[in-house]
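The sequence lines fix the lettering, A, B, ..., with proteins before strands; numbering per chain opens at 1.
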Protein chains: 4
Amino acid sequence: MSDNPRRPKSTSPGRPRSDETTNAIMQAALSLGEENGFAGLSIEGVAARAGVAKTTIYRRWPNVWSIVTDAFLADLTRLAPIQTRATTRESIIASMQLLARAYNGRLGRIIRPLLGQAQLDPALKKVIRDRWVIPRRQAALAIIQAGISRGEIRSDIPPDAILDALYGPFYHRLLLPYDEGESISVGYVDAIVEAVFGGIADFKNGRRT
Amino acid sequence: MSDNPRRPKSTSPGRPRSDETTNAIMQAALSLGEENGFAGLSIEGVAARAGVAKTTIYRRWPNVWSIVTDAFLADLTRLAPIQTRATTRESIIASMQLLARAYNGRLGRIIRPLLGQAQLDPALKKVIRDRWVIPRRQAALAIIQAGISRGEIRSDIPPDAILDALYGPFYHRLLLPYDEGESISVGYVDAIVEAVFGGIADFKNGRRT
Amino acid sequence: MSDNPRRPKSTSPGRPRSDETTNAIMQAALSLGEENGFAGLSIEGVAARAGVAKTTIYRRWPNVWSIVTDAFLADLTRLAPIQTRATTRESIIASMQLLARAYNGRLGRIIRPLLGQAQLDPALKKVIRDRWVIPRRQAALAIIQAGISRGEIRSDIPPDAILDALYGPFYHRLLLPYDEGESISVGYVDAIVEAVFGGIADFKNGRRT
Amino acid sequence: MSDNPRRPKSTSPGRPRSDETTNAIMQAALSLGEENGFAGLSIEGVAARAGVAKTTIYRRWPNVWSIVTDAFLADLTRLAPIQTRATTRESIIASMQLLARAYNGRLGRIIRPLLGQAQLDPALKKVIRDRWVIPRRQAALAIIQAGISRGEIRSDIPPDAILDALYGPFYHRLLLPYDEGESISVGYVDAIVEAVFGGIADFKNGRRT
DNA sequence: GTATAAACGAGACGGTACGTCAGGTCTTTCT
DNA sequence: AGAAAGACCTGACGTACCGTCTCGTTTATAC
């Protein structure tokens, strides 16, 4: 899940690996997963669907989930980068709405099993942390820090907790099974941002007049 | 994962199932999972560890994850019921601290793979929703509703979003891989509750004076 | 396969075994065997077909083939006893034709698998020898001996070999798979007897000078 | 039990099947059967004894008895082909003595359970008919026909009945359980041939005036 | 007429083997 | 050297029966 796409152009001797084949394998993995569920995804199945020998896959990736991870990350960074706007709140809303839109489509059908499998597989968890969570979090933290220094965000709460407060509900809704549809609407994102930015306490009753 | 504990006392003919055996199986499943990882948990392994025949397991549960789910739920309801206190905020804090304590122990090593597997297995997801998420959420919603009617909680945000805002960060930290330890400290819970109850916006700068 | 039918009428206390049940089990075994093949005959299957608990069977017989053997022997002695006629040749023909008729019916569908299984199971082989082969052979030997002393049969060939020469072709046709039908016709028996008697007849008595 | 030995030399791509492995499996099946009885012969047992995976066996044969059949037939045709001598009687005696010698050795411990199992398993019966009984019978029939046209054998009895009369006693002794040893001695064969030839010899040619 | 004892049905239980699937490695031939 | 094909060992799957056991219930004889 890491050694393959960054091969030298073709310095080495012998027949070069076919990019066409590489992509066919990744597409086969994703489409098979979406059709029959990612549990039950197998190298043999992917090889058959991609019309490729098992060895050809093993030459590139050590297991199925590495294929899925590579395919997923290629899409994600393209579809939903962190956004920057005039105010912190606007930046946050823009980033989250973009992410919501991505997750309501194909990525949403992949991200859930992928994060699920990561709970069972420490190596996968590490890859996801290093290549996805940490980079995105750095970018988001920069936004928050800027908001604090501009006086838009409270400085008495650790920025990590602030990020969790914002994105937590998002993934909570994504991963905790409490209703059928589980899609993330525009309104839901707005409600969350309003709740977290403004606080859920009822101030009319006095405390912070 | 559903038919066995509610057997009639012994109205039916034939030799009754041994509760001792049932418990031995559940304990074997949990301990094997904790030792070697829940990926790779197998019926054969559980049977061997429990000193029991495979058929004895299949007579009760259709697959490994059903065993884990039953074992998990038995513990959870015992260890971390929803708490009620004088104020809404106190009730929330008490409930979350209890849950945090439970998750920092054995349950935490189980809940992550269990929720993970649920992302891969729709049937498991449904069981978890019906027997865990929905019941707990009902209890928590009652707390929030009471808070709204007592004027402690804003009424302009849907109660569901409020619950997500509170518990979301909790599960975000539990499931998203952004640091090594991933335990949930007392301080973290306090920070989250403060952030969400008070809002992360900096009010000194004006808006809600 | 031996302890049950010879139970004392009912001297002992306790509920007596039901003859109806005993017969139901034997019939179930035979009919299941004929329907689905005797390979694959199982105690569980017989119990189900007979509407009886497994324990009820095990109380009477130690395994399926004992049931079949008991059922078979009960029929055989009734249907095809050794016959005695005026001459040796007539006695032999009568006995063999009777046997052929029996084997072309239900018994033929049972005797083959039964003798087959006996090749695999020494205990069964012994039972068949003691309760079927030996008794019948004694009766047949008596016929041959009488023929010898009456001057109808050559005395320079061991009676055992003579019996084998007569009955051998019969069982050869029954057990060796060389055509489809494998039934034993009246004409076939006649041909065999004619072929073999030509040799065992005593020529000193004149017939074929 | 039929598709494997006739593989093309190695035109096809992919790793070729190992002949060494094939033989190891057949030998394991035979020796296990002889040691513990052919009832109770299992694929798992054979695999373990041969030091081979179950799948490797299933790739070649569909069940244990196919292995035994293949192993048996390989030996039989090598050890006891039909013999031809100057006279019909000499040909028959030579063939039967050769067969008797083979059956008194290892083959005898295999042929009984094999013919036994064939009584229980129609598919096996067909294979034995096609690959063993019919070919041998053709060869033997040719001998008989030649004897008839040379005037050594009576022409008023169907050749099939003649063959049964000769070989029947042989298999009768082999399969019917009437004494312990059940070996076939040189003298027994002679006695049978003498008994039967007395009848099938053509008296018109004079011998027994 | 009430013990008492065995038969009986039902079904749990520890086992063994089944035949299948996928994993990951290897050995071939072809490109 | 890459790729396709397929053999190979391994380990687990879920199922069928085995023969034994533990129940509650029924049906006889014996006190």
Side-chain angles (χ1 to χ4, degrees), chain A residues 10 12-18 21 40-48 50-60 62-64, chain B residues 7 10-18 20-22 40-48 50-64, chain C residues 7 10-18 21-22 40-48 50-64, chain D residues 7 10-18 21-22 40-48 50-60 62-64:
Chain A
S10 87
S12 55
R15 177 170 166 180
R17 288 189 192 162
S18 155
T21 300
L41 194 59
S42 72
I43 293 270
E44 303 223 319
V46 173
V52 140
K54 276 200 295 175
T55 36
T56 302
I57 297 184
Y58 279 114
R59 208 168 282 121
R60 284 151 222 254
N63 54 60
V64 241
Chain B
R7 231 174 345 106
S10 93
T11 331
S12 58
R15 179 171 168 179
R17 289 190 189 158
S18 156
E20 204 176 334
T21 299
T22 305
L41 193 59
S42 73
I43 294 270
E44 300 225 318
V46 172
V52 139
K54 275 200 294 177
T55 39
T56 301
I57 297 185
Y58 280 112
R59 207 169 285 121
R60 283 153 226 251
W61 295 281
N63 54 60
V64 242
Chain C
R7 229 172 351 106
S10 84
T11 339
S12 55
R15 178 172 169 179
R17 289 189 191 159
S18 156
T21 299
T22 305
L41 193 60
S42 74
I43 292 271
E44 301 222 320
V46 173
V52 140
K54 276 200 294 175
T55 37
T56 301
I57 297 184
Y58 279 112
R59 206 170 285 120
R60 282 152 227 251
W61 295 281
N63 54 60
V64 240
Chain D
R7 236 177 338 110
S10 85
T11 334
S12 57
R15 177 172 170 177
R17 288 189 192 160
S18 156
T21 299
T22 305
L41 192 59
S42 72
I43 293 271
E44 301 225 318
V46 173
V52 138
K54 275 199 294 175
T55 39
T56 300
I57 297 185
Y58 280 113
R59 206 171 287 121
R60 280 152 226 252
N63 55 58
V64 241

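Distance, B:Ile57 CD1 to E:dG14 P: 9 Å, rounded to whole Å. Summarising the geometry, the separation between CG on A:Leu41 and C1' on E:dG23 is reported as 13 Å, rounded to the nearest angstrom. As a whole-Å value, the separation of D:Asn63 CG from E:dT20 P is 11 Å.
A:Gly45 and A:Ser42 make their closest contact through N-OG, 2.9 Å (heavy atoms, listed as atom of the first residue, atom of the second, distance). The heavy-atom pair separating C:Ala47 from C:Ala53 by the smallest distance is CB-C, 4.3 Å. Across all non-hydrogen atoms, the minimal contact from D:Ile43 to D:Asn63 is CD1-C, 4.1 Å.
A donor-acceptor pair under 3.5 Å links the side-chain atoms of C:Arg17 to the main chain of C:Arg59, judged by distance alone.
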What does the list of N/O pairs under 3.5 Å between the protein and nucleotides 5-8 of chain F look like, with a distance for each?
unit_1: F:dA5; atom_1: N3; unit_2: D:Gly14; atom_2: N; d: 3.3
unit_1: F:dA7; atom_1: O4'; unit_2: D:Arg15; atom_2: O; d: 3.1
unit_1: F:dC8; atom_1: OP1; unit_2: D:Ser18; atom_2: N; d: 2.9
unit_1: F:dC8; atom_1: OP1; unit_2: D:Arg60; atom_2: NH2; d: 3.1
unit_1: F:dC8; atom_1: OP2; unit_2: D:Arg60; atom_2: NH2; d: 2.0

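A residue-by-residue look at C:Ser42 and B:Val64 shows that B:Val64 has its nearest nucleotide of DNA chain F further toward the 5' end. Checking C:Glu44 against D:Ile43, the closest nucleotide of DNA chain E that is more toward the 5' end is the one next to C:Glu44. Residue-to-nucleotide proximity on DNA chain E shows that, of D:Tyr58 and A:Tyr58, the 5′-proximal contact is made by D:Tyr58.
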